[in-house]
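Following: one structure in structure tokens, then a few remarks.
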Amino acid sequence: VTSPLYLPISPYISPLSPYISPISPLYLPCISKVTSEEILAAVAEAAVAEEEIDQLSSKYIPVATRGSLLFFAISDLAQIDPMYQYSLIWFKDLFVKGCIASEKSEDMDTRVVNMNDYITYSLYVNVCRSIFETHKLMFSFLLTIKIMMGQDKVDLSEWRFLLSGGKLAGGAPKPEVDWLEEGVWIEFLNLAQLDNFKGIEAHVAANIEAWEKVYNDPAPQDATLPGDWQKLNSLQKLCVLRCLRPDKCVPALQSFVEVE
């Protein structure tokens, strides 16, 4: 076809061009085939790119988890004092800046650790500027516990006992010794209800001198517990100290934060 003058009038013949119009049925199959091949190729490339992005993003999940734990830690501060209010916008800005400012590394595991450490420290410093001195240790302890919860290192029943104690008001008779007060013995009875402390009240009664030594120690938070109870982790030792010498819980919390 060289000229529309030699062809009958057709809606598929352009009056301005001697060639077949792009809307002609003769031309459409070519367009459809080429377009479908391009679309399929683009979809395949997009699928590969999406998979690569997902794999890379999944490596930063620990950072996102840490960010979530930190935000809910500072949200809990409002229960201590209503003026301790921190917005999500403020936290997100601090979080993003921490991610950017943290030390870079070619090793992904090292990079994630650097980001978590920097973000945690940055949040701690900024929050400590806005809370009372008397609440800073409590905030440090709360932050530590939240991070440990994210690592599945905290038994919730032990955490609840540390915060509020138990509900029993009596039980096995108290050993007849002067240093073991009734309130201390009841706390041991309550502690013995937890899975990891079964039999501790019987051990106290059977090894009264060893426990008295811990009770009379000027720094019981650093003393070695009698028998197999020395194998308890740091949070569990806080539960025992809460029963035996609650007056030493503050220095024990300081040591706990330093260790953990």
Carboxylate-amine/guanidinium proximity below 4.0 Å for Glu187 and Arg242: yes
Glu158 side chain vs Val154 backbone, donor-acceptor pair below 3.5 Å: no
Inspect the surroundings of CD in Gln254 and state if more than 12 heavy atoms from other residues, nucleotides or ligands are less than 6.0 Å away. yes
Within 6.0 Å of CD1 in Ile89, more than 12 heavy atoms from elsewhere: no
Donor-acceptor contact below 3.5 Å, side chain Ser102 vs main chain Cys99: yes
With no hydrogens and no angle check, is any side-chain donor or acceptor of Ser255 less than 3.5 Å from a backbone partner on Pro251? yes
Between Lys97 and Asp93, does at least one N-O distance fall below 4.0 Å, as a salt bridge requires? yes
Under a 3.5 Å distance rule, please check whether Thr65 uses its side chain to pair with a backbone N or O of Ile61 as donor and acceptor. yes
Residue set satisfying side-chain contact (heavy atoms from CB on, under 4.5 Å) with Thr110, at least two apart, ordered chain then number -> Ser105, Asp107, Asn114
For Lys213, is the NZ atom crowded, meaning more than 12 foreign heavy atoms sit under 6.0 Å from it? no
Between Arg66 and Asp117 (side chain of the first, backbone of the second, donor and acceptor by atom type, cut-off under 3.5 Å), is there such a pair? no
I want to know whether Tyr86 and Phe91 have ring centres closer than 6.0 Å. no
Aromatic plane relationship, Trp229 with His203 - under 30° parallel, 30 to 60° tilted, over 60° perpendicular: perpendicular
Do other residues, nucleotides or ligands put more than 12 heavy atoms under 6.0 Å from Lys104 NZ? yes
Please tell me whether Glu260 and Ser234 have a donor and an acceptor in their side chains that are separated by less than 3.5 angstrom. yes
What's the shortest heavy-atom distance between Lys237 and Leu232, and which atoms? CE-O, 3.2 Å
Verify, without hydrogens or angle tests, whether Lys248 (side chain) and Ala219 (backbone) share a donor-acceptor contact under 3.5 angstrom. no
Expected output: side-chain Asn207 to main-chain Ala210 donor-acceptor under 3.5 Å: no
Would you say CD of Gln230 has more than 12 non-hydrogen atoms from neighbouring residues, nucleotides or ligands within 6.0 angstrom? yes
Residues two or more places apart in sequence or in another chain: which of them pass side-chain contact (heavy atoms from CB on, under 4.5 Å) with Ser57? Ile53
Which heavy atom of Leu77 sits nearest to which heavy atom of Tyr84, and what is that distance? O-CD1, 3.6 Å
Side-chain heavy-atom pair Asp155, Asp195 within 4.5 angstrom cut-off: no
Quick one: does Tyr124's side chain get under 4.5 Å of Phe139's, heavy atoms only? yes
Given Trp159 and Met148, is the side-chain contact (heavy atoms from CB on, under 4.5 Å) satisfied, shown in steps? CA-CA 11 Å; Trp159 171 239; Met148 292 177 64; over 6 Å; no
Tell me if a side-chain donor or acceptor on Lys92 pairs with a main-chain N or O of Trp90 at a distance below 3.5 Å. no
Ionic contact status for Lys146 with Asp76, cut-off 4.0 Å: yes
